[in-house]
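Everything on this sheet refers to the single structure shown next.
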Amino acid sequence: MKHPQVMTSINAWYKVAGSKSINWQKPQDVVKTFGPSRVDILQNDRVCINLAGNQVRLVIKVEYGHRLAFVRWIGWHKDYEALKNNIYTI
């Protein structure tokens with residue numbers, strides 16, 4: 001089964017995150033970009049962004065001030081919940 005909403009949401013995130021106007025300096029800047037209901041601030045300079053109507057989680061590690069964001073994990077909501085404390089090691 002295909003999930004066009006998921007791919008559309010991932011592509012939209014990529015377009016926003018890669019925009020020249022984005023220069024996150026702190027986790028709260030990511031929250032301002034995507035909204036407080038869609039972003040969870042994690043440890044180790046990571047944030048979790050809810051995509052595709054809360055179906056998918058995207059965990060990124062942000063190098064604040066350097067305009068870099070590394071995708072550390074992407075998956076379904078249920079799989080994210082199963083990670084529990086392991087999310088901080090990815």
Between the main-chain N or O of I41 and the side-chain N or O of R46, is there a donor-acceptor pair closer than 3.5 Å?
no
Look up atom CD1 in I49 and atom CD1 in I10, then write down how far apart they are to the nearest 0.5 Å.
11.5 Å
Exam field: side chain R67 to backbone K20, donor-acceptor pair closer than 3.5 Å:
yes
Interatomic spacing from CG in N50 to OG in S37 - rounded to 0.5 Å
7.5 Å
Check: V6 and W76 side chains under 4.5 Å, non-hydrogen atoms:
yes
Nearest-0.5 Å distance that lies between atom CZ in F34 and atom CG in D29:
11.5 Å
Could you walk me through whether I74 and V56 satisfy the side chain to side chain contact (heavy atoms under 4.5 Å, CB included) test, starting with their C-alpha distance in whole Å, then the side-chain angles of each, then the deciding distance to 0.1 Å, before giving a yes or no?
CA-CA 7 Å; I74 188 166; V56 172; 3.9 Å; yes
Above 12 or not: heavy atoms from other molecules or residues under 6.0 Å from CZ of F70?
yes
Once you round to the nearest 0.5 Å, how far does CH2 of W73 lie from CD1 of I60?
14.0 Å
One pair to check against side chain to side chain contact (heavy atoms under 4.5 Å, CB included): V16 and T33. What are the steps and the verdict?
CA-CA 8 Å; V16 170; T33 300; 3.6 Å; yes
Pairwise distance OH(Y64) to CD(Q28) - rounded to 0.5 angstrom
8.0 Å
Please walk me through it: do K61 and R72 pass side chain to side chain contact (heavy atoms under 4.5 Å, CB included)?
CA-CA 6 Å; K61 178 175 175 52; R72 302 302 295 162; 3.7 Å; yes
Are the side chains of R57 and H77 in contact, using a 4.5 Å heavy-atom criterion?
yes
Could you give the distance from CG (L51) to CG (N11), rounded to the nearest 0.5 Å?
10.5 Å
Does some side-chain heavy atom of V59 sit less than 4.5 Å from a side-chain heavy atom of L42?
yes
Would W24 and V47 count as a side chain to side chain contact (heavy atoms under 4.5 Å, CB included) here? Give the steps.
CA-CA 12 Å; W24 298 319; V47 294; over 6 Å; no
Between V39, I22, D40, which is the residue that forms a side chain to side chain contact (heavy atoms under 4.5 Å, CB included) with V30?
V39
For the pair E81 (side chain) and K78 (backbone), establish whether a donor and an acceptor sit closer than 3.5 Å, ignoring hydrogens and angles.
no
Where Q25 and G65 come nearest, the two heavy atoms and their spacing:
NE2-CA, 3.5 Å
Minimum-distance pair of heavy atoms, taken over all atoms of A52 and Q5
C-NE2, 3.5 Å
